[in-house]
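Working notes, structure below.
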Amino acid sequence: MTEFEQSLYNILASLPKGKLISYGQLAKQCGYPNHARHVGKTLAKLPKDTRLPWFRVVNSQGKISLVGDAFLRQKAYLEAEGLSVNEFGKISHYRDYLA
DNA sequence: AAAGTGACGGTCT
DNA sequence: AAGACCGCCACTT
(Lines give C-alpha, C1' and ligand atoms only; values in the text may rest on other atoms or scores of the structure.)
Protein backbone atom coordinates (compact mmCIF):
# COMPACT_ATOMS: atom_id res chain seq x y z
CA MET A 1 0.00 0.00 0.00
CA THR A 2 1.65 3.19 -1.16
CA GLU A 3 1.54 6.46 0.72
CA PHE A 4 -0.43 7.89 -2.15
CA GLU A 5 -3.13 5.24 -1.95
CA GLN A 6 -3.26 5.58 1.81
CA SER A 7 -3.98 9.30 1.80
CA LEU A 8 -6.29 8.90 -1.15
CA TYR A 9 -8.44 6.44 0.76
CA ASN A 10 -8.44 8.59 3.87
CA ILE A 11 -9.55 11.70 2.07
CA LEU A 12 -12.18 9.85 0.11
CA ALA A 13 -13.52 8.12 3.20
CA SER A 14 -14.11 11.50 4.81
CA LEU A 15 -15.90 12.98 1.83
CA PRO A 16 -19.46 13.63 3.03
CA LYS A 17 -22.53 12.27 1.35
CA GLY A 18 -23.80 14.56 -1.36
CA LYS A 19 -20.39 16.16 -1.88
CA LEU A 20 -18.20 15.82 -4.94
CA ILE A 21 -14.51 16.12 -5.67
CA SER A 22 -12.57 16.04 -8.93
CA TYR A 23 -9.69 13.71 -9.76
CA GLY A 24 -7.31 16.63 -9.88
CA GLN A 25 -8.38 18.08 -6.55
CA LEU A 26 -8.15 14.68 -4.93
CA ALA A 27 -4.63 14.24 -6.25
CA LYS A 28 -3.64 17.67 -5.01
CA GLN A 29 -5.03 17.03 -1.55
CA CYS A 30 -2.99 13.85 -1.42
CA GLY A 31 0.07 15.97 -1.95
CA TYR A 32 0.53 14.97 -5.57
CA PRO A 33 -0.61 17.77 -7.85
CA ASN A 34 -0.76 16.90 -11.56
CA HIS A 35 -1.45 13.26 -10.81
CA ALA A 36 -5.13 13.20 -11.71
CA ARG A 37 -4.69 10.21 -13.97
CA HIS A 38 -3.10 8.23 -11.19
CA VAL A 39 -6.19 8.82 -9.07
CA GLY A 40 -8.28 7.21 -11.77
CA LYS A 41 -5.92 4.27 -12.02
CA THR A 42 -6.01 3.78 -8.28
CA LEU A 43 -9.78 3.99 -8.02
CA ALA A 44 -10.10 1.48 -10.83
CA LYS A 45 -8.36 -1.07 -8.65
CA LEU A 46 -10.85 -0.78 -5.80
CA PRO A 47 -12.76 -3.97 -5.05
CA LYS A 48 -16.30 -3.92 -6.36
CA ASP A 49 -17.66 -4.19 -2.83
CA THR A 50 -15.61 -1.33 -1.37
CA ARG A 51 -17.30 1.01 1.04
CA LEU A 52 -15.39 4.02 -0.20
CA PRO A 53 -17.57 6.60 -1.99
CA TRP A 54 -15.68 6.31 -5.29
CA PHE A 55 -18.79 7.54 -7.10
CA ARG A 56 -18.37 11.03 -5.63
CA VAL A 57 -15.31 11.53 -7.82
CA VAL A 58 -15.97 13.26 -11.12
CA ASN A 59 -13.84 15.08 -13.65
CA SER A 60 -13.04 18.78 -13.63
CA GLN A 61 -16.00 19.51 -15.86
CA GLY A 62 -18.48 18.00 -13.46
CA LYS A 63 -19.05 14.94 -15.60
CA ILE A 64 -18.81 11.22 -14.96
CA SER A 65 -15.68 9.85 -16.59
CA LEU A 66 -16.70 6.21 -16.50
CA VAL A 67 -18.24 4.51 -19.50
CA GLY A 68 -20.72 1.72 -20.06
CA ASP A 69 -21.95 -0.28 -17.14
CA ALA A 70 -19.80 1.54 -14.62
CA PHE A 71 -21.21 4.83 -15.86
CA LEU A 72 -24.72 3.68 -15.06
CA ARG A 73 -23.73 2.50 -11.60
CA GLN A 74 -22.12 5.82 -10.71
CA LYS A 75 -25.07 7.75 -12.10
CA ALA A 76 -27.48 5.70 -9.99
CA TYR A 77 -25.44 6.25 -6.83
CA LEU A 78 -25.29 9.98 -7.36
CA GLU A 79 -28.98 10.24 -8.10
CA ALA A 80 -29.64 8.26 -4.94
CA GLU A 81 -27.89 11.08 -3.07
CA GLY A 82 -30.20 13.61 -4.61
CA LEU A 83 -28.04 14.88 -7.47
CA SER A 84 -29.30 15.01 -11.02
CA VAL A 85 -27.21 13.64 -13.84
CA ASN A 86 -28.07 13.87 -17.52
CA GLU A 87 -27.59 11.13 -20.10
CA PHE A 88 -24.08 12.37 -20.85
CA GLY A 89 -22.99 12.17 -17.26
CA LYS A 90 -23.11 15.88 -16.62
CA ILE A 91 -24.13 16.76 -13.08
CA SER A 92 -26.48 19.72 -12.71
CA HIS A 93 -24.98 22.64 -10.76
CA TYR A 94 -22.04 20.46 -9.77
CA ARG A 95 -20.12 23.46 -8.45
CA ASP A 96 -22.62 23.71 -5.63
CA TYR A 97 -21.67 20.24 -4.46
CA LEU A 98 -17.88 20.46 -4.57
CA ALA A 99 -16.28 19.67 -1.24
C1' DA B 1 13.75 -0.80 -24.13
C1' DA B 2 10.10 1.64 -26.53
C1' DA B 3 5.54 2.50 -27.32
C1' DG B 4 0.87 2.48 -26.01
C1' DT B 5 -2.84 3.40 -22.62
C1' DG B 6 -5.98 5.43 -19.34
C1' DA B 7 -12.08 6.63 -14.14
C1' DC B 8 -7.39 13.58 -16.10
C1' DG B 9 -6.52 18.63 -16.65
C1' DG B 10 -4.86 23.27 -18.21
C1' DT B 11 -4.29 26.15 -22.42
C1' DC B 12 -4.93 27.75 -26.61
C1' DT B 13 -7.95 28.16 -30.85
C1' DA C 1 -18.50 27.10 -25.77
C1' DA C 2 -16.25 23.17 -27.50
C1' DG C 3 -12.54 20.71 -29.36
C1' DA C 4 -7.67 20.00 -30.34
C1' DC C 5 -3.23 19.65 -28.14
C1' DC C 6 -0.08 18.40 -25.05
C1' DG C 7 1.77 17.38 -20.32
C1' DC C 8 1.39 14.08 -16.86
C1' DC C 9 2.79 9.18 -14.62
C1' DA C 10 2.27 4.27 -13.48
C1' DC C 11 1.51 0.17 -15.84
C1' DT C 12 1.25 -3.09 -19.58
C1' DT C 13 2.69 -4.83 -24.21
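Labels below follow one simple rule: chain letters A, B, ... track the order of the sequence lines, proteins then strands, and each chain is numbered from 1. It should be emphasised that the depicted structure is a prediction, and the values quoted were computed from it without experimental measurement. Just so it is clear, the values below take in all heavy atoms, side chains as well, and ignore hydrogens, waters and symmetry mates.
Taking the six-membered ring where tryptophan is involved, the planes of A:Phe55 and A:Tyr77 are essentially parallel, since the angle between them stays under 30° and well short of 60°.
Straight-line distance between the P atoms of C:dC6 and B:dA7: roughly 22 Å, to the nearest whole Å.
If you measure from atom OH of A:Tyr32 to atom P of C:dC8, you get 17 Å, rounded to the nearest angstrom. The interatomic distance linking A:Leu66 (CG) with B:dA7 (C1') rounds to 4 Å, in whole Å. Look at CG on A:Asn34: it is 11 Å from C1' on B:dC8, rounded to the nearest Å. Distance A:Leu43 CG to B:dC8 P: 10 Å, rounded to the nearest Å. Rounded to a whole Å, the OH atom of A:Tyr23 is 12 Å from the C1' atom of B:dG9. Rounded to whole angstrom, the span from the NZ atom of A:Lys28 across to the P atom of B:dC8 amounts to 18 Å. Separating the CG atom of A:Asn59 from the C1' atom of B:dG10 is a distance of 13 Å, rounded to the nearest angstrom. When rounded to the nearest whole Å, the span between CD of A:Gln61 and C1' of B:dC8 equals 9 Å.
The CD1 atom of A:Ile21 sits 11.5 Å away from atom CZ of A:Arg56, with the distance rounded to the nearest 0.5 Å.
In the set B:dA7, B:dG9, C:dC8, B:dA7 carries the atom at the smallest distance from any side-chain atom of A:Ala44. Listed candidates were B:dC8, B:dA7, C:dC9. Nearest to the side chain of A:His35 is C:dC9.
Within the structure, a side-chain polar atom (N or O) of A:Ser22 is placed less than 4.0 Å from OP1 or OP2 of B:dG9. A sub-4.0 Å separation between OP1 or OP2 of B:dC8 and a side-chain N or O of A:Ser60 is absent. Distances shorter than 4.0 Å separate some side-chain N or O of A:Lys45 from OP1 or OP2 on C:dC11.
Remark: the A:Ser60 side chain and the A:Ser22 side chain contain no N/O donor-acceptor pair separated by less than 3.5 Å. A donor and an acceptor atom, one from each side chain of A:Glu5 and A:Thr2, are located under 3.5 Å apart.
You'll find the ring centres of A:Phe4 and A:His38 inside the 6.0 Å limit.
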